[in-house]
Colleague: 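My questions all concern the structure below.
Because the structure is a prediction, the values reported are computed rather than measured.
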Amino acid sequence: MVGGGFLGLEAAEGLRKLGMQVSLLQRGAYLLNRQLDATAAGLLQQQLIERGLTILTSSEISCLDYGRNPLQHDQLLSVTLTSGRQLKADLVVLALGISPNISLAQQAGLSVKRGILVNSHLQSSDPAIYALGECIELNGETFGLIAPINQQATQLAQTLCGTPAAYCSELAATQLKISGIALSSCGDIAGLGANPASFDACTDYLDAEFNEYRRLWWRGPYLVGAVLYGDTRLSQQLSQLINQQQPYYGCRSSLLLGLVDSAAAERAAVNEPQQNAA
């Protein structure tokens, strides 16, 4: 199995449950590197290894090695990795993510980059043509999850029915369940990992025995990212704080644990006027 994203992990687990010996190759340093941080990904990897998967990160295939069976048909025998390591293989499954198909748009003369370029009203470079979904690119962003695409469909329908509505890409919480393992993330997790200057504090909780982990990224009083592993009940609350950019003056440890901070409202009432004045 090639690809350590959601579809690759689900496919690998499905093949394992059918009795196959599965090796999963991930080009990045850890699984689900756009949704998780290294700690959450490490917990996920360990759980999947304990179930019987072989997981190789920072690994890519260099070539497929074929032989001949008695009937003289080409038969896959193994794959060779860029590291030189060879793995026996009867089957290779690729789960490499979504690439926008822009060929029709190019033939029609529309402006494209990675996807079909659209504005906030999902209008292409031709004002009579609109586009939405996996094929588009908006402000440098492409889309591969159902939640934002459903929102695009709703807002485009309003526009086409005479009530113009602009699409605003929210950092909606990504909630996944991989063979019973619950995950959630919100915010630009990959960007936060690549740019430590984009936040100034973190709040963490880890219970390795029960495979529960939470991490919150902060910029001043604002929550800018959250990863939940194992217990995702706080996902909606944290997503709201991130998207609405509400300053949080309560106890961060209480927020992380889902506890009510009775003093938070009082602190917010004191600090909010100062925040507005600034």
Colleague: Would you find more than 12 non-hydrogen atoms of other residues, nucleotides or ligands less than 6.0 Å from R51 atom CZ?
Modeller: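 Atom CZ in R51 is packed in, count exceeds 12.
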Colleague: Compile the donor-acceptor pairs under 3.5 Å between side chains in residues 190-204 and protein atoms, sequence neighbours left out, one pair per line.
Modeller:
from : atom 1 : to   : atom 2 : distance (Å)
N195 : OD1    : A197 : N      : 3.3
S198 : OG     : N195 : O      : 2.6
D200 : OD1    : G220 : N      : 3.3
D200 : OD2    : G220 : N      : 2.9
T203 : OG1    : W218 : NE1    : 2.9
D204 : OD2    : R215 : NE     : 2.8

Colleague: Answer whether the closest heavy-atom distance between the side chains of D65 and T80 falls below 4.5 Å.
Modeller: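 Yes, their side chains come closer than 4.5 Å.
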Colleague: Using a distance-only test with no angle check, is there a side-chain donor-acceptor pair under 3.5 angstrom linking S184 and S235?
Modeller: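 There is such a pair between these side chains.
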Colleague: Report the residues that fulfil side-chain contact (heavy atoms from CB on, under 4.5 Å) with K88, sequence neighbours left out, ordered by chain and then residue number.
Modeller: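 Once residues adjacent in sequence are excluded, K88 has no partner under the side-chain contact (heavy atoms from CB on, under 4.5 Å) criterion.
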Colleague: Is there side-chain contact between L43 and L206, with at least one heavy-atom pair below 4.5 Å?
Modeller: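 The answer is yes; the side chains approach within 4.5 Å.
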Colleague: Please tell me if the side chains of L36 and I189 come closer than 4.5 Å, counting only heavy atoms from C-beta onward.
Modeller: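 Answer no - side chains too far apart.
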Colleague: Evaluate side-chain contact (heavy atoms from CB on, under 4.5 Å) for I136 paired with Q152, printing each intermediate quantity in order.
Modeller: CA-CA 11 Å; I136 71 168; Q152 291 169 17; 3.7 Å; yes
Colleague: Any idea which heavy atoms bring G8 and M1 closest together, and the distance?
Modeller: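 Taking every non-hydrogen atom into account, O-CG, 3.6 Å.
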Colleague: Determine whether I61 and L25 satisfy the following criterion, side-chain contact (heavy atoms from CB on, under 4.5 Å), listing intermediate values before the conclusion.
Modeller: CA-CA 8 Å; I61 290 179; L25 307 179; 3.6 Å; yes
Colleague: Is atom CD of Q236 surrounded by more than 12 heavy atoms (other residues, nucleotides or ligands) closer than 6.0 Å?
Modeller: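 Incorrect, the count does not exceed 12.
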Colleague: So, does R27 use its side chain to make a donor-acceptor pair with the main chain of V2 at under 3.5 Å?
Modeller: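 No, because the side chain of R27 does not come within donor-acceptor range (under 3.5 Å) of the backbone of V2.
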Colleague: Are L117 and L156 in one and the same hydrophobic cluster, where Ile, Leu, Val, Met, Phe, Trp and Tyr link if side-chain heavy atoms are under 4.5 Å apart?
Modeller: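 As far as the 4.5 Å side-chain criterion goes, L156 and L117 are not connected within one cluster.
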Colleague: Once rounded to the nearest 0.5 Å, what's the spacing between atom CG of L44 and atom OG1 of T39?
Modeller: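 One gets 12.5 Å once the value is rounded to the nearest 0.5 Å.
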Colleague: Of E212, R214, Q47, which is the lone residue that meets side-chain hydrogen bond (donor to acceptor under 3.5 Å, both in side chains) with Y229?
Modeller: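 For Y229, the side-chain hydrogen bond (donor to acceptor under 3.5 Å, both in side chains) test succeeds with only one of E212, R214, Q47, which is Q47.
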Colleague: State, yes or no, whether a side-chain contact exists between T142 and E134 at a heavy-atom distance under 4.5 Å.
Modeller: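 No, every pair of side-chain atoms sits at 4.5 Å or beyond.
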Colleague: L183 vs L32, test: side-chain contact (heavy atoms from CB on, under 4.5 Å). Steps then yes/no.
Modeller: CA-CA 10 Å; L183 314 167; L32 291 173; 3.5 Å; yes
Colleague: Heavy atoms only: give me the nearest A40-V227 pair and the separation to one decimal.
Modeller: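 Minimum heavy-atom contact is CB-CG1, 3.8 Å.
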Colleague: Please report the closest heavy-atom contact between S23 and L87, naming both atoms and the distance.
Modeller: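 Taking every non-hydrogen atom into account, CB-CD1, 4.4 Å.
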Colleague: Compare all side-chain heavy atoms of Y167 with those of L138 and state whether any distance is below 4.5 angstrom.
Modeller: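 Side-chain contact under 4.5 Å: yes.
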Colleague: Do L18 and L9 sit in one hydrophobic cluster, given that two such residues count as connected whenever their side-chain heavy atoms are within less than 4.5 Å of each other, even indirectly?
Modeller: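 Different hydrophobic clusters.
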Colleague: Rounded to the nearest 0.5 Å, what separation is found between the CG atom of D90 and the CD atom of Q75?
Modeller: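 It comes to 7.0 Å.
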Colleague: Quick check against the 3.5 Å criterion: does T159 have a side-chain atom that pairs as donor or acceptor with the backbone of A165?
Modeller: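 Between the backbone of A165 and the side chain of T159 there is a qualifying donor-acceptor contact (under 3.5 Å).
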Colleague: Near Q158 CD, under 6.0 Å, is it more than 12 heavy atoms from other residues, nucleotides or ligands?
Modeller: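 It does: Q158 CD has more than 12 such atoms within range.
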Colleague: Does the S239 side chain pair with the main chain of Q237, one donor and one acceptor, at a distance under 3.5 Å?
Modeller: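 No, the answer is negative, given that no donor and acceptor are paired below the 3.5 Å cut-off.
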Colleague: Using 0.5 Å steps for rounding, measure from the OG atom of S120 to the CD atom of Q155.
Modeller: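 So the OG of S120 and the CD of Q155 are separated by 9.5 Å.
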Colleague: List the atom of A226, the atom of L238, and the distance in Å for their closest heavy-atom pair.
Modeller: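 Heavy-atom minimum between the residues: CB-CD1, 3.9 Å.
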Colleague: Once you round to the nearest 0.5 Å, how far does CG of L223 lie from CH2 of W217?
Modeller: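 So the gap between those two atoms works out to 9.5 Å.
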Colleague: Checking S254 side chain against G250 main chain: does a donor-acceptor pair fall under 3.5 Å?
Modeller: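 No, because the side chain of S254 does not come within donor-acceptor range (under 3.5 Å) of the backbone of G250.
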Colleague: For G109 and S125, work out which heavy atoms get closest and say how close.
Modeller: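 Closest approach of G109 to S125, heavy atoms only: O-OG, 4.4 Å.
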Colleague: Any idea which heavy atoms bring R16 and V22 closest together, and the distance?
Modeller: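 Distance-wise, the nearest heavy atoms are N-CG2, 3.7 Å.
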Colleague: Cut-off 3.5 Å, side chains only: do Q26 and N33 have a donor facing an acceptor?
Modeller: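 Yes, N33 and Q26 have a side-chain donor paired with an acceptor closer than 3.5 Å.
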Colleague: Using atom types as modelled and distance alone, determine if a side-chain donor or acceptor of S185 lies under 3.5 Å from a backbone N or O of Q35.
Modeller: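 Answer holds: yes.
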Colleague: Answer whether the closest heavy-atom distance between the side chains of Y248 and P221 falls below 4.5 Å.
Modeller: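 The answer is no; the side chains never approach within 4.5 Å.
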Colleague: Any side-chain heavy atom of E209 sitting closer than 4.5 Å to one from D207?
Modeller: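 When only atoms from C-beta onward are counted, D207 and E209 do touch, with a gap below 4.5 Å.
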Colleague: How about S103 and N101: does a side-chain donor come under 3.5 Å of a side-chain acceptor?
Modeller: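 Yes - a donor-acceptor pair under 3.5 Å links their side chains.
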Colleague: If hydrophobic clusters are built by linking Ile, Leu, Val, Met, Phe, Trp and Tyr wherever their side-chain heavy atoms come under 4.5 Å apart, do L132 and V118 end up in the same one?
Modeller: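 Same hydrophobic cluster.
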Colleague: Do L24 and Y30 belong to the same hydrophobic cluster, where Ile, Leu, Val, Met, Phe, Trp and Tyr are linked whenever their side-chain heavy atoms lie under 4.5 Å apart, directly or via other members?
Modeller: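 No: no chain of side-chain contacts under 4.5 Å links L24 to Y30.
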Colleague: Please determine, by modelled atom types, if Y213 and D37 share a side-chain donor-acceptor pair under 3.5 angstrom.
Modeller: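 There is such a pair (donor and acceptor under 3.5 Å, judged by atom type) between the side chains of Y213 and D37.
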Colleague: Same cluster for I98 and L94 if Ile/Leu/Val/Met/Phe/Trp/Tyr side chains link at under 4.5 Å?
Modeller: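 As far as the 4.5 Å side-chain criterion goes, L94 and I98 are not connected within one cluster.
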Colleague: Hey, are the side chains of L48 and I55 touching, using non-hydrogen atoms and a 4.5 Å cut-off?
Modeller: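 SC-SC contact between L48 and I55 confirmed.
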Colleague: Verify, without hydrogens or angle tests, whether Q123 (side chain) and P127 (backbone) share a donor-acceptor contact under 3.5 angstrom.
Modeller: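 The answer is yes, because a donor-acceptor pair under 3.5 Å joins these two groups.
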Colleague: Rounded at 0.5 Å granularity, tell me how far CD1 in I102 sits from CD in E137.
Modeller: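 The distance works out to 9.0 Å.
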Colleague: With distance as the sole test, does T232 use its side chain to make a donor-acceptor pair with the main-chain N or O of A182 at under 3.5 Å?
Modeller: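 Side chain of T232 to backbone of A182, a donor-acceptor pair under 3.5 Å: no, none is there.
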Colleague: Only pairs under 3.5 Å count here: list side-chain donor-acceptor contacts from residues 143-150, not counting sequence neighbours, and write none if there are none.
Modeller:
none

Colleague: In sequence, state the C-alpha distance, the side-chain angles, and the governing distance for L56 and L81, and then conclude on side-chain contact (heavy atoms from CB on, under 4.5 Å).
Modeller: CA-CA 10 Å; L56 302 175; L81 307 184; 4.2 Å; yes
Colleague: OG1/T174 to CZ/F6 distance, rounded to the nearest 0.5 angstrom?
Modeller: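 Interatomic distance, T174 OG1 to F6 CZ, rounded to 0.5 Å: 11.0 Å.
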